[in-house]
Participant: 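Below is one structure. I have some questions about it.
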Amino acid sequence: MAAHGNKMSKYLDERLAGLQAYVPGEQPQDKRYIKLNTNESPFPPAPGIEAELKRVYARLNLYPDPDMAELRDELAALCGVCRDNIFVGNGSDEVLAFCFLAFCGTRGARFADITYGFYRVYADLCRISSRVMPLDGDLALKPEDYIGSDETVFIANPNAPTGLLLSLEQIDAIAGSTDAPVIIDEAYVDFGGETCLPLLKKHDNLLIVRTFSKSRNLAGGRIGWAVGSRALIGDLNSIKFSFNPFNVNMLSQAAALCSLRDKAYFDSCVTAVKEARAFAADRLRAMGFEVIDSHANFLFAAPPGMSGREYYLRLKDRGVLVRHFPGERTGRFVRITVGTRAQMETLVAVTEQICKE
């Protein structure tokens, strides 16, 4: 089935005829919404970025640095590693796509049934066999399902859309039990997760994937990165330089550097999201919602007395956009991106009106 209603041509490779493409969160243009559906940051980029982009603008007639040496050095310093331990991509989605290309062709891939939807899409696109492991009854990952895996492991930690996570000890056990690569997707780790960086010295099969889209307020910049052993990073570079050597543009590289150098702004934005998340969770629970404990910048919440879809539609009618995930176990929930305190107060007020109807 074609994505977004596009009709496939007769020329498409028949192996891709049944591809179910990833569907991003909706971006409606019919009116202004309080947009809490795509896990973006509610805050603007770091204050110094605008001036830096104006400076870089004059060099846009040139190709960007394909090695991204300055940015990789900054990320290496953040992680306490060397430049050769860092890979940078066009969003973490590209980094993950390169992981599927580099590490899964003969091994296959193993990931959860309820997790980031692109894992399944990449497996199908790359014609990779996948072993899908069901979450438990509480929608938590079961670490024992990944112990001794023959396939390359992909774990979003914290997981999406639930916000739940595995402990450092559990990831340590998984990475130490297999010779297969273990990819830990830490897109949301800054909001309360525990990074696996300390485990890199123990496990050369461990690769951590991060993004600037969430806690760094740069979803529109499309910058992702990975940290791991030199050998794994070398593999990703082999894919990159066989695909697109200039994969991250000059403006995005500059924006990423500015973001990394403004720690105070980064800390203030993350703190504000955590506080708004706690406020919204408490108020929704007081109204009878089931709210899963989240370590990310979103809440997975089930309303009382109505389906998740009905709640989503009622919010949308009132100008508040969240995301609903149809499915036997997810259908009663919606995923609510944590916005500013004012946005979450509006969500709560509108929800109170809906619950009174």
Side-chain angles (χ1 to χ4, degrees), residues 24-25 27 29 32 35 38-99 101 118 186-187 190 208-228 230 233-273 297 337 339-340:
Q27 307 278 356
Q29 306 297 319
R32 289 182 63 85
K35 196 167 178 297
T38 48
N39 294 347
E40 298 145 319
S41 169
F43 303 111
I49 289 178
E50 184 176 0
E52 181 64 14
L53 295 185
K54 289 179 179 178
R55 186 185 69 81
V56 172
Y57 174 80
R59 296 190 285 119
L60 285 180
N61 58 308
L62 306 175
Y63 284 110
D65 174 14
D67 291 318
M68 293 177 272
E70 190 176 7
L71 177 53
R72 289 168 64 209
D73 282 342
E74 197 77 26
L75 288 165
L78 178 70
C79 297
V81 297
C82 299
R83 182 196 297 178
D84 289 345
N85 297 114
I86 300 292
F87 177 85
V88 180
N90 190 337
S92 61
D93 289 335
E94 184 182 67
V95 180
L96 290 166
F98 288 176
C99 288
L101 287 169
F118 241 136
E186 292 190 345
D190 290 323
I208 299 168
V209 178
R210 304 285 293 273
T211 181
F212 282 75
S213 294
K214 317 300 180 183
S215 58
R216 296 280 174 184
N217 317 332
L218 286 171
R222 310 310 304 132
I223 316 148
W225 54 286
V227 53
R230 291 186 181 190
I233 298 302
D235 294 338
L236 293 178
N237 276 315
S238 293
I239 300 295
K240 167 191 160 175
F241 282 94
S242 302
F243 179 75
N244 179 12
F246 305 103
N247 63 329
V248 179
N249 69 74
M250 195 180 292
L251 296 172
S252 292
Q253 290 185 41
L257 273 167
C258 282
S259 171
L260 290 169
R261 290 167 178 169
D262 195 339
K263 185 177 184 302
Y265 185 70
F266 165 78
D267 288 341
S268 67
C269 292
V270 169
T271 297
V273 168
N297 69 333
T337 301
T340 64

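Only this structure's heavy atoms are used, side chains among them; waters, hydrogens and symmetry mates stay out. We're numbering straight along the sequence, starting at 1.
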Participant: Which residues pass the salt bridge (Lys or Arg N to Asp or Glu O under 4.0 Å) test with Arg210, sequence neighbours left out?
Facilitator: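 Salt bridge (Lys or Arg N to Asp or Glu O under 4.0 Å) list for Arg210, sorted by chain: Glu186, Asp190.
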Participant: Flag the pair Leu71 / Ile86 as yes when at least one side-chain heavy-atom distance between them is below 4.5 Å, and no otherwise.
Facilitator: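 Side chain of Leu71 against side chain of Ile86, heavy atoms only: no contact under 4.5 Å found.
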Participant: Taking the side chain as C-beta and beyond, is there a heavy-atom pair between Val56 and Arg59 under 4.5 Å?
Facilitator: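 Result yes, sub-4.5 Å side-chain heavy-atom pair found.
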Participant: With Val227, which of Ile208, Val209, Ile233, Leu75 fulfils side chain to side chain contact (heavy atoms under 4.5 Å, CB included)?
Facilitator: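 With Val227 as partner, Ile208, Val209, Ile233, Leu75 yield a single side chain to side chain contact (heavy atoms under 4.5 Å, CB included), made by Ile208.
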Participant: Looking only at heavy atoms, which two atoms of Val95 and Ala226 are closest? And how far apart?
Facilitator: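 Minimum heavy-atom separation between Val95 and Ala226: CG1-CB, 3.8 Å.
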Participant: Decide yes or no for Val88 and Ile223: does some side-chain heavy atom of the first lie under 4.5 Å from some side-chain heavy atom of the second?
Facilitator: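 They are in contact (side-chain heavy atoms under 4.5 Å apart), so the answer is yes.
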Participant: Looking at Leu260 and Glu74, what are the two nearest heavy atoms and their distance?
Facilitator: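 For Leu260 versus Glu74, the nearest heavy atoms are CD1-CG, 3.7 Å.
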Participant: Check whether more than 12 heavy atoms from other residues, nucleotides or ligands sit under 6.0 Å from atom OH of Tyr57, and answer yes or no.
Facilitator: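 No.
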Participant: For the side chain of Asp267 and the backbone of Ala264, is there at least one donor-acceptor N/O pair under 3.5 Å apart?
Facilitator: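 Not at all, since once roles are kept as given, no pair shorter than 3.5 Å links the two residues.
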Participant: Do you know the tightest heavy-atom contact between Phe241 and Pro245?
Facilitator: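 Shortest heavy-atom separation between Phe241 and Pro245 comes out as CD2-CB, 3.7 Å.
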Participant: What I'd like to find out is whether the side chain of Asp93 reaches to under 4.5 Å of the side chain of Phe118, using heavy atoms alone.
Facilitator: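 Yes - at least one pair of side-chain heavy atoms lies under 4.5 Å apart.
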Participant: Looking at every non-hydrogen atom in both residues, tell me the closest pair between Gly48 and Cys258 and how far apart they are.
Facilitator: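 What the structure gives for the nearest pair is O-SG, 4.0 Å.
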Participant: Side chains of Ile49 and Asp262: does their closest heavy-atom pair fall under 4.5 Å?
Facilitator: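 Contact flag for Ile49/Asp262 side chains = no.
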Participant: State whether the side chain of Asn217 and the backbone N or O of Pro44 hold a donor-acceptor pair below 3.5 Å, judged by distance alone.
Facilitator: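 At least one qualifying donor-acceptor pair exists.
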Participant: Are the side chain of Lys240 and the backbone N or O of Pro66 linked by a donor-acceptor pair below 3.5 Å?
Facilitator: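 Yes, the answer is positive, given that a donor and an acceptor are paired below the 3.5 Å cut-off.
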Participant: If every non-hydrogen atom of Met250 is compared with every non-hydrogen atom of Leu62, which pair is closest and at what distance?
Facilitator: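 Closest approach of Met250 to Leu62: CE-O, 3.5 Å.
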Participant: For a quick test of reading the model, state the closest non-hydrogen atom pair linking Lys214 to Ala187 and the distance between them.
Facilitator: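 Looking at all heavy atoms of both residues, the shortest contact is CG-O, 3.5 Å.
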Participant: A side-chain contact here means heavy atoms from C-beta on lying under 4.5 Å apart; do Phe266 and Ser215 qualify?
Facilitator: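 SC-SC contact between Phe266 and Ser215 confirmed.
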Participant: Would you say that Asp65 contacts Glu70 through its side chain, given a criterion of any heavy-atom pair below 4.5 Å between the two side chains?
Facilitator: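 Not touching, per the 4.5 Å side-chain cut-off.
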Participant: So, the side chain of Arg72 versus the backbone of Asp67: is there a donor-acceptor pair under 3.5 Å, distance only?
Facilitator: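 Yes.
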Participant: Do Cys79 and Asn85 have side chains that approach each other closer than 4.5 Å (heavy atoms only, starting at C-beta)?
Facilitator: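 In short, these two side chains do not touch, never coming nearer than 4.5 Å.
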